[in-house]
Amino acid sequence: MYKHILFATDLNTDTVSVARHAVELAQLFQARLSLAHVVTGLDTGVMLNLAPQVLTEMDLIQVQDAHQRMESLVRELGETQLTDKWLLNSGPVALQIHRLAVEQEVDLIVVASHGQHGFFKLFGSEATDILEASSCNVLVVKI
């Protein structure tokens, strides 16, 4: 049913448990599995995988930290069929993930929800925004 699954993560501490859901789904469907993270607070207008030379020193530190956390996640997951890792530039997270999903022909996006309540729910969450912006199925894993 699914040929390409994208795990979109904020790289928080609960990332591994949600990533395992994406890995299991990819194994079940024998699907390609990709990992994406949007580095927030940058305004480069380019994909970070392609043009790290345009970053300021502070931006570069932030990108390097995200890259290290992504590599740590990959190591912790062990041998999987993870095929691509994407660090995306800042901007609306949902739109960046949606754009990548369309470009990479993703069938399913897996995201975590931190289950915000009360006042914070009024402003929405990244998972909700991704769900609304996406043109493919989205699995929201509550953590």
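- In this structure, the side chains of V138 and V140 come closer than 4.5 Å at one or more pairs of heavy atoms.
- Looking at every heavy atom in both residues, R69 comes nearest to D10 through NH1-O, 4.2 Å.
- Looking only at distances, a side-chain donor or acceptor of T15 sits under 3.5 Å from a matching main-chain atom of N12.
- Checking V106, D107, I5, V102 one by one against C136, the side chain to side chain contact (heavy atoms under 4.5 Å, CB included) holds for a single residue, V106.
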Can you list the steps and then say if I130 with I109 is a side-chain contact (heavy atoms from CB on, under 4.5 Å)?
CA-CA 9 Å; I130 291 169; I109 300 171; 4.1 Å; yes
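- Neither V39 nor L95 shares a network with the other; the hydrophobic side chains, linked directly or stepwise wherever heavy atoms of I, L, V, M, F, W or Y lie under 4.5 Å apart, form separate groups for each.
- Counting heavy atoms from C-beta outward, D129 and V93 have side chains that stay 4.5 Å or more apart.
- Under the 4.5 Å side-chain criterion, counting only non-hydrogen atoms from C-beta, L108 is in contact with L139.
- H67 pairs by the side chain to side chain contact (heavy atoms under 4.5 Å, CB included) definition with E71, L87, not counting sequence neighbours.
- Judged by distance alone, the side chain of H37 and the main-chain N or O of T9 form a donor-acceptor pair under 3.5 Å.
- In this structure, K3 and R32 have side chains that are not in contact, with every pair of non-hydrogen atoms separated by 4.5 Å or more.
- Considering only heavy atoms from C-beta on, H98 comes within 4.5 Å of S135 through its side chain.
- Considering all non-hydrogen atoms of both residues, L6 and A36 come closest at CD1-CB, 3.7 Å.
- Within the 4.5 Å cutoff, the side chain of D84 has no heavy atoms near those of the L35 side chain.
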Checking side-chain contact (heavy atoms from CB on, under 4.5 Å) for the pair Q104/S34: CA distance, chi angles, key distance, verdict?
CA-CA 9 Å; Q104 297 298 313; S34 297; 5.9 Å; no
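- You'll find the side chain of Y2 reaches within 4.5 Å of the side chain of N137, heavy atoms only.
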List, one per line, each side-chain donor-acceptor pair under 3.5 Å for residues 17-24, sequence neighbours excluded.
from: S17; atom 1: OG; to: D14; atom 2: O; distance (Å): 2.9

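- Proximity of L25 to F7: side-chain heavy atoms (C-beta onward) are nowhere separated by under 4.5 Å.
- The minimum heavy-atom distance linking V74 with K85 is given by the pair CG2-CD, 3.7 Å.
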